[in-house]
Every structure is written in C-alpha cells, then in structure tokens.
Amino acid sequence: MRRALRSEQGGRIDRSKPLDFVFNGKAMQGYAGDTLASALLANGVRMVSRSFKFHRPRGIVSAGVEESGGLLAVDHGTGLQPIVRSTQMPLVDGLRAESQNCFPSLNFDLLRIFDVTRSLWPAGFYNKIFKWPNWHVYEWAVRRAAGLGRLPDGARSARFCHMNAHCDVLVVGGGPSGLSAALQAARAGEDVLLVELDVEPGGSLLHDASGLDGQPPLAWLARTLAELQATGNVRILTLATVVGYYDCNVLTIHDRVAAYRREDPIEVFWKVRAGRVVLATGAIEQPLMFGNNDLPGIMLAGAMQKYAGRYAVRCGQRVVAVINNDLAWRSVLALPGAGIGLDAIIDSRHSINDALLDQAREHGIDVFPGASPVAAAGSTAVRKLQFRDHDGRARTIACDAIAMSGGLSPTLHLYSQAGGRLRYDQRLACFLPQECRQDVVVTGAANGEFATPETYNIGSRKPSAANSSVQWVDFLHDVTVSDVELACRENLRSVEHVKRYTTTGMAADQGKTSNLNALTLLGELTGRSPGEVGTTTFRPMFMPVTMGAIAGVRRGEFYAPAKRLAAHDWHATQGAVFEDYGGWQRPAYYGSDRDACVRRETLLVRQAAGLFDASPLGKIEVQGPDAAEFLNRIYIHSVPTLKQGKVRYSLMLNENGIIIDDGVFVRLADDHFLLNTTSAGANAIAAWLEEWQQCEWPRMELVINPVTSQWAVVTVAGPRARDVLCSLAGMTDLSTQAFPHMSFASGVFEDGCPYRIQRVSFSGELSYELSVPANRATGFFERIWDAGQPFGIGLFGIESLMILRLEKGFLHVGGDTDTTSNPFDAGFGRVISNKRGDFIGARSLQRAEDRRNDRRQLVGFEVVDRDAVVLAGAHVVTGTGDARRSEGFVTSACHSPTLARTIGLALLERGFERGGEEIQLYDQGRLVTARIVDARFYDPQGERMHG
Amino acid sequence: MLRLDCPFCGTRDEAEFRCGGDAHVERPGQDVSDATWADYLFNHDNPKGLHLERWCHVFGCGQWFNVARDTLTHEIHAVYYMGEAAPERYR
Amino acid sequence: MKGYSAFSLIRNALQGHRHWQPLWRNPEPKRSYDVVIIGAGGHGLATAYYLASKHGIRNVAVLEKGYLGGGNSGRNTQVTRSNYFWPQSAAFFDHSLKLYEGLGLDLNFNIMFSQRGVLTVAHSQHEIEMMRRWTNALQINRVDSELLTPAEIRQIEPLINLHSRFPVVGGYIQRRAGISRHDAVVWGFARAASALGVDIIQQCEVTGLDITDGAVTGVQTNRGDIDAGKVCIAVAGNTSMLAAMAGFRVPIVSMALQAMVSEPVKPCLNTMLGSTTIHMYVSQSDRGEIVLGGGADAYPSYAQRGGIPIVEENVAAVLELLPAFSSLRLMRQWAGINDITPDTTPIMGSTPVRNLYISGGWGTGGYKAIPAGGDTMAYTIANDEPHALIRDFGLDRFERGALIDEGAASGVAH
Amino acid sequence: MADRIEMRSIVSLKVARQSVDRARACMHLAEPLRACGSDPQSLWLGPDRWLLVSDTTTAAVIIDSCQRALAGILHNAVDYSSGLAVFRLAGVGARQLLATGTGIDLRPASFAAGSCCRTRLAQVAAVIVAAHAEVFEVYVDRSYETYLANWMAESSSICFSYLGVARG
Ligand SMILES: Cc1cc2nc3c(=O)[nH]c(=O)nc-3n(C[C@H](O)[C@H](O)[C@H](O)COP(=O)(O)OP(=O)(O)OC[C@H]3O[C@@H](n4cnc5c(N)ncnc54)[C@H](O)[C@@H]3O)c2cc1C
Ligand SMILES: NC(=O)c1ccc[n+]([C@@H]2O[C@H](COP(=O)([O-])OP(=O)(O)OC[C@H]3O[C@@H](n4cnc5c(N)ncnc54)[C@H](O)[C@@H]3O)[C@@H](O)[C@H]2O)c1
Ligand SMILES: Cc1cc2nc3c(=O)[nH]c(=O)nc-3n(C[C@H](O)[C@H](O)[C@H](O)COP(=O)(O)O)c2cc1C
Ligand SMILES: [Zn+2]
C-alpha cells in the first residue's frame, strides 16, 4: 500500500485490522471499514475499468450509490459477480476484483478502436445502417461487443429469503435528517424502522466535520443513536437499501447486511407496510460537462472529501477543483486539512462569497472566479486541465486529480416512485418534492435543505462552448453532449425521446449523475427551462437488486407448493412414479417401464380389480332448503328430481355456455348434497359456488362447505371389485339390487372408521369410490390391499385411468374440451333441450352460433391400420399442399390394450353427422387414415359397469 | 402493491384477494336479445378513474365485497358490503 | 426523406453529424383531414403510413396525447412471432411477420429484427399434447414450428434447468420468430409516414368526438377541434375511454402488464424463451439486458406502473428455468396499459358509429401485429370494408358469440 | 422449532349468513379475528365460518353439541380433523419465521395472544393462531403438510442465520 495516499490518522477505518485483497491479479491491502473503492484509491489505482460503448478508461468517480466508473467484477466468496459498485462494496478479506469490459486487458484494450472511430457511432447509428441484407448478419458482433461483465458461471452460494414488516414510520436514510426524524417519531411513541444503505448510520456526519447543532457531528451521532436505542421502539437496518416505493405505502428493501460474510452469505428482501414514510435520502452531487470529463482522476468534490474524511485516503496531490456552487467550496476547502494539495479552484460564478475567498487565500489556493473548464487531458488518468479564465483566456494547469461539482440533486427517486410530483427550483438548480398522494414527507438534503445557515448559491451547469474534445453526459453509456444535440437536430426533443435515442440514463446507474445534466442541456438546446423539459420517469429499483433476493426461497420445491396424497409414502413403497397433475403429486403408474406398466394396469382393471387413489377429487357439501334449486342453476342436468341416496353425473358451464367442469353429485338428504368436482377444479369450483351464492343469489338459504381434504378416496374398479369390498367388515350391502350403479351409502367399519361409498365408474367396469377420513388413508389402503389379494388386486395410476376412460369414450374436461366447447359439442344436446328454467350459461346456448351444426363436435375414431400410432394433438385435415386445412384435432388417443387397436377422440367439424367416414390425421408431417366410429369403443351397452 | 380493507378482516395485501371485476352488474333474464346478453357477458365501462368493483378475500374470510377504487391512482375510496348500494358520492 | 446508409453515415460523420434531417415534422394541426387517427403508437402510425403509401390518402393526421411511441409500443418486450393457433390469427400474424422481415429496408430504418427463434417449453405430458395440437395447427397453416426434445432444448439454451420444479419434458421452437427493436419500429413508421405528408401531432389529446346522425365528423382536442372524414381509434389501453366518447361500450378491461430488465451482461441467452406453466418469458436484448415479463397486475388499472407481487412471480419463474440468473440484478420495472379482450383476439374494423373505426384489443400481444395491423386497417378505412385478413376480428363477434379464443390455444399471449 | 400437533379434533362449521346472529346467541363462537374457549376452542375464519378444535373431545361429540345448540338454525358442521395439518411454533424466532412468509401485521400489539386469522403463508392458505406469548399454531390443508414443514425448516435456517448477523 502506498502509505502516502493514506493518512496516518483519522477516518473510520480500523488500522488494526488489515485486509488482503486482489485486483486484476495484484495483491493489495486495505483496512476494515474500507470500501473496495477506498481501498483501491489508497493503493494508488486510478484506472479501474473500461466503458461500455467506447472502452474508454474509467476511474472511481463517487463514494456512493451514484458510482459510474468503479463497476467491477467481484468475488467476495460467492463466485465472480459482475457489475459490483466498488463504492458500495465493503472490503472483506480475500476479496478478488477484476476490471470489466476490457479485451484483452485493462491497459491494452483492442476495442478502444470504437473510441478512435467514435464519430461513426453517434446516438442511434444502428437505426441507420446494418439493414442489408438483414440485421442478423451484424447482430452477433454487436451483441458480443455489448454487455457489461459476464454472467457468473458457477452456482452462487448465497441464500435468500424474504421478510415482511409493518411499522408506524419508515425512515429512509440514516443521515442527520433521518436520525432526527426517527428520534422525533420514537419520542412520540411511534414504532419506527430506520433503513440505511451504508454500513452504519450517520450519512454525511461520518465524513463532514462541520458541526451540527453546535456539536461535533460524531458526538451528536453517538448521543442520538443512544437515545434512539433507549426508546425501545426503533429498529435500524444497515447495509439495507430501500429500492421500491409502491402503492399503499409498501416499500421494498434489499438487505445485504449478511451478504458479504464468507460463511453462509444471505440476502434478504423486505416488504414493509408503513403507516407513514420519511424520506431522508440526502442528495447526489452532479458532475460538470467539459471535455474528457470522464478521465480517471476526475471525481465528485464531495466524494473526494468523503474519501479523505471517512477513509483517510488522499485522492490526489495536485488537485484542481472545478465547481459552481458554495457547498462544493466547503468540500474542497476540507481537502488541505486532510493533507491533499489543492492548487486551484475554478468556479464559473463571477461573484463568490468573501468568507470562502478568504479561506482559500489562507490555504494559498489560486481562485479563478468566472472561469470555465474546457477540457481535461491525460491518457489513463488526468494530467492537466485546460480552462478559460474570466477574460476568456485559455489557460492550462497541471493536476493529478480534479474535484468537480455541478451542485446537488436531491435523491427523490423513491418519492417519484410513490407518485410524488417534482418541481424545478431555479435557485437550487434542481428538482424538489412538490406533492404526493401517499403519506410521505421529505426532509433534509432530499428536500433541498442543503446547507444551513449559508445560502446555497449555484452557477451554470452548461457544457463548455466550442470544444474539440468530447464532453460526456452519461459516463456509463458513453453518451456525449453532441449525442443530445444530434437527437434535438433529428427532432427527438421530448426528454423521453432523448433518453431512448441516446440511451442516457438507461444504464445500470439509471442516470443518477446524468439525468439532470441531460435535461438541462436539452432545455438549453430547445429553449425550455429544465422544469418545462421535466424528468424521465423514476421507477424501481432505486439500486439494482439481485434476482435471487427477489425470488427469496421460492426455488425448487418452494417455487410452487406441491400437494401430496395422505398415502403418498405408501404409494411410494408400492413403486409409484409420481408426476405433477394440477399441483398434485400423483402416481402416474407403478413400476419402471411407463408403457408396459400402463398396459398391465389397464388390463388388470378389465380382468380383475384395480385400486386407485382418487383423493384429490373435489368434495363440497351443499346444505339448506334452497340447495336443490341452487344446484339446479349450476348443473346442466336437473337436480330436484334426484332421489336421496342417488348419484347423478353432470356438467357445469360458465355464463358463456362453455364447459368448465364435470362430476357427480349425491343427494345425501332432501336438503343436503355432496358434490364431486374434477381434481384440478376442486378449489375453483368451491369458489365458483360461493361467488354465485354471495353475489347473485344471497337470499337463497344454503351453506357451502368444501371437505376435499377430509376424505381420502379409493377407487376399486374391475369385475372383482365387489368381491374385494364385500370382504371388509362393516361394508354395506353392495349387491346390484341393493346398490345399483349410481348409488350412494355411508356407514362405519367395524373398527369405528366412518366411510362413504358411491358406485360410479370412470373406467367402464364395476367400480366403487370409497372415502374414509384422510388420517386413516394409509391403513385403509393396506386393508383393501390385503383384502384384495385373493382377487388379484393391483394398483393403477392416472395414465391407465385415462386409457380406461378413453376406451369407454368418457369425457375428460380440459383435454377433450377446450375453452370453446359447449355442451352441444360434447354430445349433451339432449340434456340441454330437456332442461327447464335458467341455469348458468343457458342463455348463451340459445345463440345461433352455439347451435350451428358445423361446430367442432366430439367423436370417436379408430385407425384403419389397427396399430398405426396416433397421438393426441394430431389434426384432422382435408386437402393437400396449400389447400390443406384443419377440420379439428385429436383430443385423446392411445393404442388400446383391451381392444388391441389405436383409438381416440377428436373434436371435429360436423363430427356427429360423419359416422363411418374416413378421415386423415396429420401429425408433424405424417398422415394416418382413421374412421369415425361410436366413441363407446368398449362395452357400448355398459353391461360391465351396471353388472 | 395494493392493500385492501376487507370489511371483515381488516387491511391485507393484494395477494390475499381476487378482483372480480365490475360491481353492481345486473344479470338479465333468459328472454333478452343477443345484444343485451352480450353486453352483460362481455362489455365493460372500464373507466379511467373511479371504478366500482367487487373483490373476494380468498386467502382470508372468503367473502365478497365491493370497493370504490380509482384505476388511475389506485386510491381506495370506499369499501362496502356485497348487496349494498355504493355510497352516494361514488355512484 | 434523405436515405440512411453506411455511406450517408460516414459522410455525415465527416461533417460532424450536423446535417441529419429531422425524423419527422412538427406541424400545427390543420382544420380538417380526410382521416384522423387517434394514437401515435405503432398501430396508429403504421395505419397512417399504409394509408399514404398504399392508398394514396395523405391528408391524414395522427394525434398523440403524449410523445409518439410513449404507449405500449414503447414499453413492450418486443416478441415478434406468428405461432397462433386459429387459422384466422395465424394468417394475420404471419402476414405481419413477413412484413417485419422486410420492414427495415421498406422504411429505410433498421428495426433490428432478430429472428433468433421463440422457444416454448412444456412441463407435462398434457402440455406436450397441447403443444402437438398447436404445432400441427401451425404447420397446416404454413407457419414454421418444430417440436423439440429436452436434449435439443438444452443444446439451444445451455443455461436451462431441465429439472425445475416442473421438469422440462419437451418444447417447440418457431425459428422465424424473435425480437425486434420497439422504438425503431415506431420511429421508422413515423419517419416514413411524415415524409409522405402525414401530420403527426404530439401533445394533442382527443377529448371528444363530433358525431352527427350516427356518423363521426371530427374530433375535439386540447389543441382545438379538427374535422375529419373518417376517424380511427388506435389507443390501446385507452380504447374504452374513446368508445365512451363515441357512446358505445367495448368488451375490454385495461390492465397493467409489467416488464423488467436486468443489468446488461455478455450474450448468454440465445432465444426468446417462454413457458406457460412456469409463467414467464425472457430474452436478452442486443445491449445485453435480460428482458423479462409475463404478468399483469390482477385488477383494472390505468396507472402505467406495476406492483411488487408480479415482479416476485416473474423473477422466481425465470430463476426456476434459468438459475444462473440468480445473481444478476434487476435494474428497472415498468408497465403498460393493455386492452384485454375476452378471447385475447384484437378488435378491428367498423364500429356502431359510421366512419369511426377501431384498431384495439391488442392486449398483451399487439406489438408483433403492428405492420399487418396498419396494412389491414388502412385497407379497411380506405375501402370502408374489412380487409380479408381481419374479417373475423370485428366488434360484432361478441354479440354473435363467435369468439376466437387464442388465450386458451396458444398460451402465453405476448 | 415447528412441531406437528397430531390427533387434534377439528370441526368445520359453516352457518347460513342469514342466521349467524342467532347462532352466536345459541353458542359460544369466537369474535372476528379471535380464538376463544378451550374445549372446544373456536377459531374465527370468517363471518360465517369457524373451526372448533379440541385435543380432548372427539369431533363427533363436538358436532353433536353443535347440532343441539344450533337446532333449527341452518348450518353445516363436519369433521375436518383429517383435512388440516397443525403445526406449533414456539420461541423467540417464531414471529420472524412467520414474517418471512406472510404479510399480516405480526407485531405483538396487533397480533397478541388470542388472535386468529386466516391468511396466506408461503403461498398457501393458513390459519394462524397466537396461542400464548410467542407460541403460534398454524393450520394448513393437509396436502401441504410436507411442503410447509420443509418450507419452515428452510426458512428458519436462513432467517435465523441472518438474524444472527442483523442483531449482532
Ligand atoms: C409490458 C408489455 C409487454 C408487451 N410485450 C409484447 C410482446 O412481447 N409482443 C407483442 O406483440 N406485444 C407486446 N405487448 C403489447 C403491445 O405493446 C401492444 O399491443 C401494442 O404496442 C399496441 O400498439 P398500439 O399502437 O395499439 O398502442 P400504443 O402504442 O399504446 O399507442 C396508443 C397511443 O394512443 C395514445 N392515446 C391514448 N389516448 C389518447 C387520446 N385520447 N388522444 C390522443 N392520443 C391518445 C397513447 O398516448 C399512445 O401513445 C406488450 C405490452 C406491454 C405493456
Ligand atoms: N456535519 C454537519 O453539520 C452536517 C453535515 C452534513 C449535512 N448536514 C445537514 O444535514 C442535512 C443532510 O443530511 P441528510 O440526512 O439529509 O443527508 P445525508 O446525505 O447525510 O444522509 C442521507 C442518507 O440516506 C441514505 N440513503 C439514501 N437513499 C437511501 C435508500 N434508498 N435506502 C437507504 N438509505 C438511503 C444515504 O446512504 C445517506 O446515509 C443537510 O440539511 C445539511 O445541512 C449537516
Ligand atoms: C425492450 C426494452 C428494453 C429496455 N431496456 C432498458 C434499459 O436497458 N435500461 C433502462 O433504463 N430501461 C430500459 N427499458 C425501460 C425503459 O426505460 C422504460 O421504463 C420503458 O420504456 C417504459 O417507459 P417509462 O418507464 O418511461 O414509463 C427497456 C424497455 C424495453 C421495452
Ligand atoms: Zn376477509
């Protein structure tokens, strides 16, 4: 470490804790309390990186969030991360930093060619060229040249989580203003959350030695923090940045306090609901526009003061100040005291406060009032400055650093995000808060209270006239004064057009040090005041936030909650292969070879008995004197005619007449029904019923109570199903006479376990659905399993169930129907014409469009060549070549294990009248011939199901 | 992020609710014209500014209620029960 | 209009770029126009351009309440594809894609159409079946599409995580699809239209319509009244407001659709990658930012800004498929107001008011439609008869119940 | 830190909206956003919905007493003991753990012992009851039991590790 650059004393660094780090392969040292930027500066590093577009040298410009030069790739234990702001990166031991955007190296960058040929690449150049033959020819090269840094290739080891909070007052910013506001609220008994993005609260107090309330700043800070602590109702977050301000006083915070430890780094994303908000976010110093104002060594004046005061770092030995306001005087006049040689102050204002002039004189500093900078010079760091004195004489002064200041701009990003309106203040030459509909106040520097009691006086921020060097507006996107001029010339004069055309303010810093200059310049060029020009829209994020933090723990199994069956583990021991069906992890089949398993399971149900876990089926109780009438308006079938203990199948429609769900319902008692919905529809249909009752028919007397999860359901299907179940002690009489198809009963097993049983069939076999409380599911499955062994029982999963039902031509809502299918299309026309009275969707079915007979109708087909493969998703086509047209599509298909041929269902134009017709099925260029047949492929009379 | 005042549970985050669109829509009878029916099914006033809409507290009490909300500023002016008429000044 | 070329760029560079012409003029509004188009987004400007270039109707004004291109055309995620399910949609959007392919040369303005492919992944057997249904429809409608295996997907997008919470079991790609530069499309049309004599009038808000005997005769604006032979509404999320001025209601809800960008990095994503189950779509701009989007705030809004829940959803979804992005930082989030129709198909053609036309209901996917929308609307206005490609997109389809439900058929609707 | 409570009897009670006032007069039912009583304890879920829970009485007995108390009042009381999984969270970190997954106001003043609310926790619907100071009970649909248990393990591990620093 070059000792000369680090003062022996002062600053808030801990000299007893040296930290090692590496920059571009070179070992360096800093101290605890340093940022990466301060440590680099202390090690004499000037050029740290290269710029985005022209690969110009970049040095550290600021000491805060506004950094535009010192963006590095940094590994602090979690792999190399791109675009890390070195000014915000606390130095940690073993940190590794690398320059970005240089090829092949920082000192020798071939892509500097773009800088040399700069005049060929003005704003919007790409709109004018690269059109022929097409953009693709050039795009790859452009893409490779663009981009800041590289995506980290290794998986990152940081962990993320969210935190939710409520508070009476959220104070953003821990400077003197924020601390005062927090104290005031805490004294009044309010619950306060104070958030500071720096490693400790204090803000400007931490480096600015001028007193506060007549006290030394650090003494005031210590006393205030102690008092805050004592109130007991203040929480302080540090290394936490408020990044978003949304409706209803909801703010988001990116909390990095645990992000930089080597062991278990963690980032937390907070969502705070605040009663009211105090924004004490301070202000950001703005640069000035002059030639080569982007050279390393040119820094913001306040930053230079901060490096000296807080980190004991001298940013230069021969410094020239280029400033236009009184506050900057205060900053630069603090430099000599820190051992920094300040040679000259160039201030564009003609008259300057005498007290300031006196101080300058005391330090032996040359002052040039009414002078303006023309251009800096140097290759990889600034070496001299050309300027024009008040007489217009060109002069040159040697220097190794320039402290520049174009005045302050209050940090009002969050205020604007909140919907706050800004007004331009002529005297302060910046935007100030005006009014906001949310409960928020702005205080301190953020409110334009820059300096008390001095009056703040600021001069012009114009670029220097007649200049052969380039003057930079946006350091990150390499936008120049002439780019803005070009935009105006081409009539892109709205501030939004200028932003998009030149890309000023669109870089990673979102224009924190370029927006004000750009819009002031635009105003100059178009004869408008900055207030008339206005700002572009401020939007979250105030500072970029790692996407991992935004997602929190929502990764992998926590990305979307999976539902599990009560007997999940039991299925697993039986070899179940689980897949996701509508959020449920369900056995797709049991075994290893998908096709073989599905085939075996299907035949098992047809030949003996199969056991299926149907627990996710939706179950809703509806009870009350108006229950029957209510359900009559929900289902397309008549409900009041259903007898107690009987089951009926029906469809539900939406008001547009589209099928949304199907299932059976049971009449448990005269005024009491139990509905089954599809598994996927369980929640939605319960909500659907509630909505109709609460909003449309509130006077109907009934209660709706969903009970889906209470009951585990097992389907036992197959010719031996009855034999299996009858062997269970306490089972109701299942004989066909006592318990025909579509019956329901409930009872209690011998062990006291209650059950419900209904005889319904989705497989076309003799089939029962038996429900028991889900807590007993596993034991119950085992019992049936044992009871079924003599009858050859086996398990079957969803995949074979889908084949079983397809062999019967049963409808699968959502598969065989889509959001255009009405009940006519699905073959329920008779039901509709028999139904009396209003029901949901009824009126829509009267439209001519819904009754057209050339609609797509659901029909069965079999392939002519029995074994040809057809997959769901094939289309029915007519014509060839350009005249080829789709008449519909296959909604389900399989090679039936039972029938030993390929069958399927299709939604086909005029399908109902085309029985027997041969059709062509198209799939990815392949054609297969099929014939339209009765969709009840297997057991068309339903003898097995009713038997 | 919106925070809505459920009349039963108090203020909660938007993620607990579902917006059900226009409030006070009258369901016509079966004997209306296709045009009237289509107007009921599909059309909206969709105003910029004050909007009367219905919301359901799905992750809470499960109740539907009405909200007078500004679609431009997202300010919530009033919350009132299902079946209740809108407060005079928001009609 | 002075032509743009590498040659003109070099010549101008030598002259310090002092001689470039304005992209468009800033005329004062005239008293009267043959056609007034409300809204200087992509659709309004393209309609004006084709009216002037194809139909010789040049006495046209495009009125814009803000700055041109400041609506959705200037804030969308640039997805340009034609993989629509229904034949009417496929024909229309593929016409648009073909126009896009030649648009840079046509307008003499590089719109940077990057046909890098739109890749959609599937996470279940059911989704694969739907995808098969979808791709076959495309092939029959002569739109390119290829089903892909997970291994093929990984080859195209090496960063993809095939074993996400919903494993990737397949997918498909439309290779001719991709992204193009949204601002360039708007500015290119504006420049070309202005050169043909179209008046583009910014900061001019339409506040009322003059209607006599059921026909529109002019518009009222904050810059005075303007007579018009015909008027076309092309205001995206504000369609309902304009319809209300004309005295009718439309089946539209305005919703804030969000998008966001990360800090820029070197190329790492090759296609426009999307998923319907894991609700997201993502691409990388030529500058290097990762542009992501997918969700609309779930309530009507005209606020042109988004909340936080959608950001969380979207980002989590992207990381589920692309975990390597977890340490990339999100830089900005914004929103645009979309005009959502019940069937996610646009509303184009005549209205209950004579001489008043509508080009709206573009919802979350009208950017890709800009050239075809302009082309067909210009025809429709010029001939007072719907262009063949948009015959089924009329407002009357709702009364008939003849919806064209694309939302269901082709998933993510951008 | 999160234990699963097994064998709790739970009855889901839904009362017709028209009859809620009468029902409350006939039976001790918790006030909005409160839990009250002990055997059974009644948890308010909404203006027409309660859970009646007990570790000693069976669901059948609770349903029976409902039936008797609410004779002539339209209601539906069903055994829901299998429908929900119940977790108990105790200790200083319990509030913070919950705060990583739900947006409700968990400050002690707002969510003191005896509070009960149905809300969204880690994306799923949950009923959170403040049983005693720093002891919470969480009810979720049983199908989410494994998910939520894993989520709590993961979130508490991250959140406590973080708090170690944040408090530090
Ligand atoms: C976040 C987001 C992402 C999207 N992503 C895609 C995508 O990837 N692919 C895709 O194809 N589409 C996408 N879209 C949709 C697409 O952007 C729009 O459909 C399309 O831009 C609509 O163009 P337009 O010209 O109709 O409307 P706009 O571009 O919105 O133009 C309408 C103009 O009308 C003006 N206006 C409104 N009212 C008045 C008035 N009273 N007087 C005068 N002027 C008025 C507005 O100021 C506006 O400039 C996206 C949209 C959003 C918001
Ligand atoms: N020593 C002194 O006497 C002295 C010094 C400086 C300032 N002052 C007075 O104090 C005022 C300036 O102090 P101030 O408190 O307004 O500003 P400040 O700059 O001191 O503090 C602002 C703080 O807000 C933080 N911040 C900004 N945005 C944030 C975000 N989004 N999230 C979290 N933290 C964020 C910053 O890191 C900073 O610490 C002026 O009025 C000045 O007159 C006095
Ligand atoms: C494809 C695309 C890429 C964008 N890239 C950036 C970007 O790199 N930097 C940036 O600040 N904004 C970017 N934006 C967002 C714009 O700054 C702006 O937010 C958006 O156009 C909406 O406008 P508004 O925020 O002014 O309302 C991008 C927008 C789009 C549509
Ligand atoms: Zn509620």
Side-chain angles (χ1 to χ4, degrees), chain A residues 81-83 119-120 122 125-131 135 139 142-144 146-152 156 246 252 486 489-491 494 496-497 500 508 539-541 544-548 550-551 554 556 559-560 580 818-820 844 847 849-850 871-875 877 884 886 889 922-923, chain C residues 4-6 9-10 13 17 20 22-24 26 67 70 104-105 109-110 112-115 124 126 129 132-133 136-137 140 147 165-166 183-184 262-268 286-288 307-308 311-312 315-316 319-320 323-334 400-402 405 408:
Chain A
Q81 309 296 323
I83 323 175
S119 68
L120 285 175
F125 71 89
Y126 37 76
N127 289 327
K128 299 189 168 100
I129 53 172
F130 299 154
K131 300 183 295 287
W135 170 237
E139 186 185 23
V142 172
R143 284 193 72 185
R144 256 156 206 77
L148 253 188
R150 261 160 236 294
L151 193 69
R156 180 182 154 100
Y246 300 89
T252 51
L486 176 64
R489 197 171 297 134
E490 299 196 78
N491 198 19
S494 140
E496 299 288 3
H497 280 154
R500 286 158 177 80
R539 295 197 178 275
M541 315 293 159
V545 180
T546 23
M547 296 220 245
I550 294 173
R554 275 194 72 174
Y559 169 66
D580 197 282
D818 64 18
T819 50
T820 66
S844 292
R847 296 176 302 210
E849 187 71 26
D850 287 71
L871 298 173
H875 277 247
V877 293
R884 179 170 284 162
S886 166
F889 37 80
Y922 172 95
D923 190 8
Chain C
Y4 289 157
S5 64
L9 183 68
I10 293 168
H17 296 293
W20 291 111
L23 290 180
W24 48 76
N26 273 7
Y67 63 97
L105 290 170
F109 202 83
N110 188 359
M112 289 172 263
F113 186 22
S114 165
Q115 292 178 286
S124 67
H126 177 72
E129 288 177 5
R132 189 171 285 280
R133 184 191 291 182
N136 281 324
I140 293 163
L147 284 174
R165 159 75 176 80
F166 301 100
D183 287 331
S262 75
E263 294 179 322
V265 286
K266 295 287 175 200
C268 55
D286 287 334
R287 245 193 333 255
I308 194 69
V311 179
E312 287 177 27
V315 168
L319 297 189
E320 204 41 33
F325 287 179
S326 97
S327 53
L328 259 188
R329 280 174 294 265
L330 208 63
M331 181 162 83
R332 188 172 173 100
Q333 104 186 71
W334 67 93
R400 288 190 286 122
D405 196 342

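Below, chain A is the first sequence line, B the second, and so on; all start at residue 1.
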Between [options], which has the largest tally of heavy atom pairs under 4.5 Å with chain A?
options: C/Gly104, C/Pro267, C/Gly288; result: C/Pro267
options: C/Glu129, C/Gln115, C/Met331; result: C/Met331
options: C/Ser114, C/Ser262, C/Cys268; result: C/Ser114

Using modelled atom types only, decide if a donor and an acceptor are shared between the side chain of [X] and the backbone of [Y] within a distance under 3.5 Å.
X: C/Arg329; Y: A/Pro82; value: yes
X: A/Arg554; Y: C/Val315; value: no
X: A/Lys128; Y: C/Ala6; value: no
X: A/Arg539; Y: C/Arg332; value: no

Check each atom of [X] against the heavy atoms of chain C and say whether the ones under 4.5 Å are side chain, backbone, both or neither.
X: A/Thr252; value: side chain
X: A/Arg150; value: both
X: A/Phe130; value: both
X: A/Ile550; value: both

Which atoms of [X] come close to chain A, meaning under 4.5 Å heavy atom to heavy atom: side chain ones, backbone ones, both, or neither?
X: C/Phe113; result: backbone
X: C/Ser5; result: backbone
X: C/Asp286; result: both
X: C/His126; result: side chain

C/Glu320: which residues meet the side chain to side chain donor-acceptor pair (under 3.5 Å) condition with it, sequence neighbours left out? none
Does some side-chain heavy atom of [Y] sit less than 4.5 Å from a side-chain heavy atom of [X]?
X: A/Phe889; Y: C/Asn136; result: no
X: A/Asp818; Y: C/Arg133; result: yes
X: A/Pro540; Y: C/Leu330; result: no
X: C/Met112; Y: A/Asn127; result: yes
X: A/Ile129; Y: C/Asn110; result: no
X: C/Lys266; Y: A/Arg144; result: no

If you compare all heavy atoms of [X] against all heavy atoms of [Y], which two are closest, and at what distance to 0.1 Å?
X: A/Glu490; Y: C/Tyr4; value: OE1-OH, 3.6 Å
X: A/Ala508; Y: C/Glu263; value: CB-OE2, 3.7 Å
X: C/Ala324; Y: A/Leu151; value: O-CD1, 3.8 Å
X: A/Ala551; Y: C/Ala316; value: CB-CA, 3.8 Å
X: A/Asn491; Y: C/Pro22; value: CB-CB, 3.7 Å
X: C/Tyr67; Y: A/His497; value: CD1-NE2, 3.3 Å

Looking only at heavy atoms and a cut-off of under 4.5 Å, which of A/Leu120, A/Leu486, A/Ile83, A/Leu871 has the most pairs with chain C? A/Ile83
Which residue out of A/Leu148, A/Val142, A/Thr820, A/Val545 racks up the most heavy-atom pairs below 4.5 Å with chain C? A/Val545
Starting at CZ of C/Phe325, measure out to CE of A/Met547 and round the result to the nearest 0.5 Å. 6.5 Å
